[in-house]
Protein chains: 2
Amino acid sequence: MNLGSININQIRQGDCVELLKKLPDNSIDLIFADPPYNLQLNGELYRPNQTKVDAVTDAWDKFDSKEVYDIFTEQWLKECHRVLKPTGSFWVIGTYHNIFRVGAILQNVGFWMLNDIIWVKPNPMPNFKGTRFNNAHETLIWATKSQKSSYTFHYHSMKVANDDLQMRSDWFIPICQGEERIKVNGVKAHSTQKPAELLMRVILSTSNVGDIVLDPFSGSGTTAAVAKRLGRNFIGFEREPFYIQVTNDRLSKITPIDKPLLEYKIEKRKPKVPFGNLIEKGYIKIGEFLYSRDGKQSAQVQADSSLILDGEAGSIHKISATLLKKENHNGWAFWYAKRNKQLISIDTMRYDFEKKYIATKATYQTLEFENSVVNEPEESFLKYEDHVI
Amino acid sequence: MNLGSININQIRQGDCVELLKKLPDNSIDLIFADPPYNLQLNGELYRPNQTKVDAVTDAWDKFDSKEVYDIFTEQWLKECHRVLKPTGSFWVIGTYHNIFRVGAILQNVGFWMLNDIIWVKPNPMPNFKGTRFNNAHETLIWATKSQKSSYTFHYHSMKVANDDLQMRSDWFIPICQGEERIKVNGVKAHSTQKPAELLMRVILSTSNVGDIVLDPFSGSGTTAAVAKRLGRNFIGFEREPFYIQVTNDRLSKITPIDKPLLEYKIEKRKPKVPFGNLIEKGYIKIGEFLYSRDGKQSAQVQADSSLILDGEAGSIHKISATLLKKENHNGWAFWYAKRNKQLISIDTMRYDFEKKYIATKATYQTLEFENSVVNEPEESFLKYEDHVI
DNA sequence: CCACTGCATGAATCCGAGG
DNA sequence: ACCTCGGATTCATGCAGTG
């Protein structure tokens with residue numbers, strides 16, 4: 001399997017810009033980039049106008065290192081932007097030394113930022129001289145190809161992972177050390193090996209099984225390793241043969257997790273019960289009136305599941321929007337039915353209905369979730385029994 | 001008191017770039033800048049309960065394009081750079097919408113970044129639509145005028161404030177709400193009032209009593225208010241007369257904290273006990289031998305506090321450097337004394353000595369919290385009692 | 001005075017499938 | 001690409017009101 005002349009699920013040796021140029025437009029689902037902070041002038045550099053910079057005689061003389069770094073950054077960011085699918089996600093990580101330049105240039109190149117994420121390190125290296133605040137974090141940027149891009153974001157999975165609270169922009173992840181830290185002959189193989197946990201969260205949140213994940217600065221191969229483990233395809237670019245060898249050793253020991261375990265079950269919830277269904281089942285009675293929360297407005301339920309207000313017929317959404325003088329509105333959040341002299345939200349009623357009569361074994365374990373109906377409706381509609389007009 | 005045509009301890013109405021130009025070169029000790037973020041909000045946003053989010057729609061946050069924003073940013077940053085003293089500190093705050101551009105430009109203008117600081121909000125506004133990670137932080141940048149600048153940093157005070165651990169680059173501070181949030185006729189006076197706690201930390205860590213603190217985007221006046229409270233002088237620039245009025249009301253209610261309470265006592269610790277002092281007090285005995293960590297090397301203590309090794313006399317530092325074949329070395333980290341057949345670092349012995357017998361009531365005054373209680377020295381020199389050769 | 005509930009609100013680049 | 005329209009979506013905190 002390959003993209004152009006680049007094989008999939010391999011780490012390719014070479015200069016990242018040159019290799020990026022071999023990839024077709026709009027071919028990559030997810031890019032994770034951990035660019036060097038200190039630029040080494042090994043490759044060739046081009047100015048934004050495509051004139052070549054002589055790295056030795058020109059760049060060092062006429063540009064300061066900041067400008068050379070900007071040119072380099074723009075080159076690889078432009079290529080990443082080109083190869084990213086319109087629905088793809090782009091991630092980059094850095095520290096204050098480079099992330100502001102990278103962030104500004106990626107905006108200039110057309111990327112649209114969705115979040116900056118702070119990787120908070122519980123165990124950073126201290127500031128030994130006591131001259132600054134202990135630099136205890138790194139910054140990631142998550143961006144799409146353009147402002148209008150639609151993108152993959154497994155919101156509910158992230159929320160479940162965070163104990164049912166939405167995942168925040170601050171991620172507490174220890175630095176890579178101990179067992180996880182790859183060593184060759186007792187010395188660490190790579191100076192900036194990223195923790196797998198960080199890549200897990202990036203890849204799980206913004207890509208799907210089978211996607212192609214590219215890391216243009218592959219390094220110790222954490223991106224490839226995690227991608228493989230999570231059932232994604234990967235492409236890595238790396239200049240140093242030694243790091244490629246380290247990565248290949250690493251990859252050889254990884255078995256992908258079984259596909260069924262990788263499914264985003266929590267995201268695939270059934271569509272909720274439509275309004276008409278509540279009428280069919282007798283939860284809502286044809287002819288009864290629904291009320292606004294304050295009870296001051298009402299509309300009558302028709303046999304075709306529409307509401308009638310002042311002679312105008314429409315969906316629960318449409319009529320609520322009319323009353324609120326808005327373009328659109330979610331009727332489920334607007335209408336209440338009168339039960340036992342109390343107003344009960346039709347959304348609550350629907351939730352109750354779902355809970356009782358639809359199989360809700362929508363847990364991690366059950367793969368049969370999709371269509372299984374476990375309980376026949378046996379109870380009568382006791383709670384809403386008096387739904388007579 | 002004034003700087004050029006700008007009065008000190010006043011908020012001045014007008015455009016910040018024009019007003020900055022009135023300030024002399026190298027005249028400001030600390031700048032805290034909270035520029036417009038250039039949020040680019042589209043429609044209206046509703047919470048799930050259908051209430052409308054009161055967004056930042058102020059005219060001052062609107063820019064025609066990011067190019068216009070960049071030009072504006074470069075203008076005020078250049079002026080800030082000019083007016084900052086060579087020993088001064090520059091701070092700026094922003095979110096992912098603008099901070100990368102600001103950060104890159106401030107580097108271009110010549111500032112030298114020391115840290116980026118993450119203001120982590122325990123209570124941010126959620127992401128209501130479940131479309132992104134909850135943006136739960138803002139970013140501050142701390143920079144000096146140039147790479148070679150010396151600067152004020154109250155490292156020890158920050159450390160004490162952080163329970164004797166180095167202050168980190170992630171600051172957990174709640175957003176400004178409740179009592180602290182200034183309201184006029186029941187509505188918030190300013191859409192982006194910063195918490196005083198944030199400014200306290202900035203001002204306490206990187207300025208001194210009597211310094212001049214400038215906020216070119218004064219807004220609700222938090223910088224001026226905290227500066228006044230902490231015994232600093234302030235200058236504020238603000239375009240909107242309404243905000244100036246709010247600030248003046250605010251300032252009128254603030255009394256500076258008493259000077260003695262503001263002193264950086266923890267920074268002014270006595271110089272550590274010199275080696276000779278340990279000899280005088282009998283901790284180290286004249287004539288005994290000190291040893292390298294592995295015990296393989298040793299030198300003898302002389303009456304004049306020097307060590308003798310192979311006939312050569314020198315300080316603990318000099319002799320350790322000789323042994324390590326280095327130009328300089330910290331002898332405190334090299335030498336061990338034999339006590340109870342164990343080797344004990346002379347630095348540990350010194351630390352113990354300091355802790356017990358030097359009055360260190362110079363604890364950190366946290367301004368808002370109780371003074372920590374200092375225990376009187378009660379134990380005797382039991383631990384090193386047997387320091388006989 | 002305390003306990004509890006309900007409600008308001010904060011720098012927000014905040015929908016997406018299907019026609 | 002544009003338009004329509006169904007319907008999915010929130011956390012911590014402070015304060016007012018009530019019992």
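Heavy atoms only: backbone and side chains are in, while hydrogens, waters and symmetry mates are out. Just so it is clear: chains get the letters A, B, ... in the order the sequence lines come, proteins before strands, and each one is counted from 1.
- At a threshold of 4.0 angstrom between heavy atoms, the contacts of B/Pro174 with the nucleic acid are absent.
- If you check every strand for non-hydrogen atoms under 4.0 Å, B/Asn134 touches nothing.
- Out of C/dA11, D/dG7, C/dA12, the shortest distance to the side chain of B/Thr192 is found at C/dA11.
- Comparing B/Pro122 and B/Gly130, the nucleotide of DNA chain D nearest to each residue sits closer to the 5' end for B/Gly130.
- Look at A/Tyr151 and you won't find any side-chain N or O under 4.0 angstrom from OP1 or OP2 of C/dC14.
- Using N1 to N3 plus N6-O4 or O6-N4 for Watson-Crick, or N1-O2 and O6-N3 for G-U wobble, each under 3.5 Å, C/dA12 pairs with nothing.
- Base engagement by B/Gly43 is indicated by at least one non-hydrogen atom pair under 4.0 Å involving a base atom.
- Atoms CG (A/Asp163) and P (D/dC11) sit 12 Å apart, rounded to a whole Å.
- Base contact: B/Pro35 has a heavy atom under 4.0 Å from a base atom.
- Within the 4.0 Å cut-off from OP1 or OP2 of D/dG6, at least one side-chain nitrogen or oxygen of A/Ser315 is found.
- Dashed line: the shortest gap from a side-chain N or O of B/Arg181 to OP1 or OP2 of C/dA11 is under 4.0 Å.
- In textbook terms, a nucleotide whose glycosidic angle is within 90° of 0 is syn, while C/dT5, being further out, is anti.
- Geometrically, A/Arg201 engages A/Trp171 in a cation-pi contact, judged by NZ or CZ lying under 6.0 Å from the ring centre and within 45° of the ring axis.
- When distances run from any side-chain atom of A/Gln166 to the nucleotides C/dA11, D/dC11, C/dT13, the shortest one goes to D/dC11.
- Judged by distance alone, with hydrogens and angles left aside, the side-chain atoms of A/Lys145 form a donor-acceptor pair with the main-chain N or O of A/Arg82 at under 3.5 Å.
- Using a 30° and 60° split on the angle between ring planes, A/Trp332 and A/Phe275 fall in the perpendicular class, above 60°.
- Look at C/dT5: its Watson-Crick or wobble partner, with both distances under 3.5 angstrom, is D/dA16.
- Looking at heavy-atom distances under 4.0 Å, B/Glu179 makes contact with sugar-phosphate atoms alone, never a base.
- Using a 4.0 Å heavy-atom distance criterion, B/Thr95 is classed as making no nucleic acid contact.
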Original post:
Would A/Glu288 and A/Arg339 count as a salt bridge (Lys or Arg N to Asp or Glu O under 4.0 Å) if you check the C-alpha gap in whole Å, the side-chain angles of each, and the deciding distance to 0.1 Å?
Top reply: CA-CA 11 Å; A/Glu288 77 165 313; A/Arg339 299 285 179 269; 2.9 Å; yes

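- Residue contacts shown for A/Lys159 are limited to sugar-phosphate atoms, with no base heavy atom under 4.0 Å away.
- Checked by distance alone, B/Asn127 brings no side-chain donor or acceptor within 3.5 Å of a matching partner on the base of C/dA12.
- At D/dA8, one or more side-chain N or O atoms of A/Arg350 fall inside 4.0 Å of OP1 or OP2 (strictly under the cut-off).
- Atom CG of B/Asn49 is separated from atom C1' of D/dA12 by 14 Å (rounded to the nearest Å).
- Taking the C1' atom of each, D/dG19 and C/dC1 are spaced 12 Å apart, rounded to whole Å.
- Between C/dG19 and D/dG7, the two P atoms lie 15 Å apart (nearest whole Å).
- Residue-level contact check: B/Gln50 touches the bases, meaning some heavy atom is under 4.0 Å from a base atom.
- Distance, B/Ile175 CD1 to C/dT9 C1': 8 Å, rounded to whole Å.
- Taking 3.5 Å as the limit, the base of C/dA8 and the side chain of B/Lys52 contain no donor-acceptor pair of atoms between them.
- Side-chain nitrogen and oxygen atoms of A/His317 include at least one within less than 4.0 Å of the OP1 or OP2 phosphate oxygen of D/dG7.
- For B/Lys121 and D/dA12, the NZ to C1' distance is 13 Å, given to the nearest whole Å.
- To the nearest 0.5 Å, atom CG of residue B/Leu77 and atom CZ of residue B/Arg101 are 12.5 Å apart.
- Side chain of B/Gln177, nearest nucleotide from C/dA11, D/dT13, C/dA12: D/dT13.
- Annotation: D/dT10 and C/dG16 have their P atoms spaced 14 Å apart (nearest Å).
- Side-chain N/O atoms of B/Lys188 include one lying less than 4.0 angstrom from OP1 or OP2 on C/dG10.
- Separating the NE2 atom of B/His190 from the P atom of C/dG10 is a distance of 13 Å, rounded to the nearest angstrom.
- Within 3.5 Å, no donor on the side chain of B/Arg47 pairs with an acceptor on the base of D/dT9, nor the reverse.
- The structure places OG1 of B/Thr95 at 9.0 Å from CD1 of B/Ile93, a figure rounded to the nearest 0.5 Å.
- A/Asn162 has its CG atom 14 Å from the C1' atom of D/dT10, to the nearest Å.
- Under the Watson-Crick or G-U wobble criterion, with both distances below 3.5 Å, D/dG7 has no partner in any strand shown.
- Residue A/Asp116 is out of contact with every strand shown, counting any heavy-atom pair closer than 4.0 Å.
- Mapping B/Lys183 and B/Asn135 onto DNA chain C via the closest heavy atom, the residue that lands nearer the 5' end is B/Lys183.
- Checking A/Lys318 against A/Arg168, the closest nucleotide of DNA chain D that is more toward the 5' end is the one next to A/Lys318.
- The distance from atom CD of B/Glu138 to atom C1' of C/dA12 is 11 Å, rounded to the nearest whole Å.
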**OP:** Report the C-alpha distance between B/Arg181 and B/Lys188 in whole Å, list the side-chain angles of each, state the deciding distance to 0.1 Å, and finish with yes or no for side-chain contact (heavy atoms from CB on, under 4.5 Å).
**Re:** CA-CA 7 Å; B/Arg181 189 90 192 197; B/Lys188 58 185 178 191; 3.7 Å; yes

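- Residue-level contact check: B/Trp119 touches neither bases nor backbone, having no heavy atom under 4.0 Å from any strand.
- One finds the CH2 atom of B/Trp119 at 6.0 Å from the CG atom of B/Leu198 (value rounded to the nearest 0.5 Å).
- Among the atoms of the strands shown, base atoms are found under 4.0 Å from some heavy atom of B/Leu41.
- Between the side chains of B/His190 and B/Asp58, no donor-acceptor pair of N or O atoms lies under 3.5 Å.
- A/Trp112 qualifies as a stacking partner of the C/dT13 base, centre to centre under 5.5 Å and near-parallel within 30°.
- Of the C1' atoms belonging to C/dT13 and D/dA12, the separation is 23 Å, rounded to the nearest Å.
- C/dG10 and C/dC14 have their C1' atoms separated by 15 Å, given to the nearest Å.
- Here the C1' atom of nucleotide D/dT10 and the CZ atom of B/Phe128 are 5 Å apart, to the nearest Å.
- Checking the phosphate oxygens (OP1, OP2) of D/dT10, no side-chain nitrogen or oxygen of B/Lys129 falls inside 4.0 Å.
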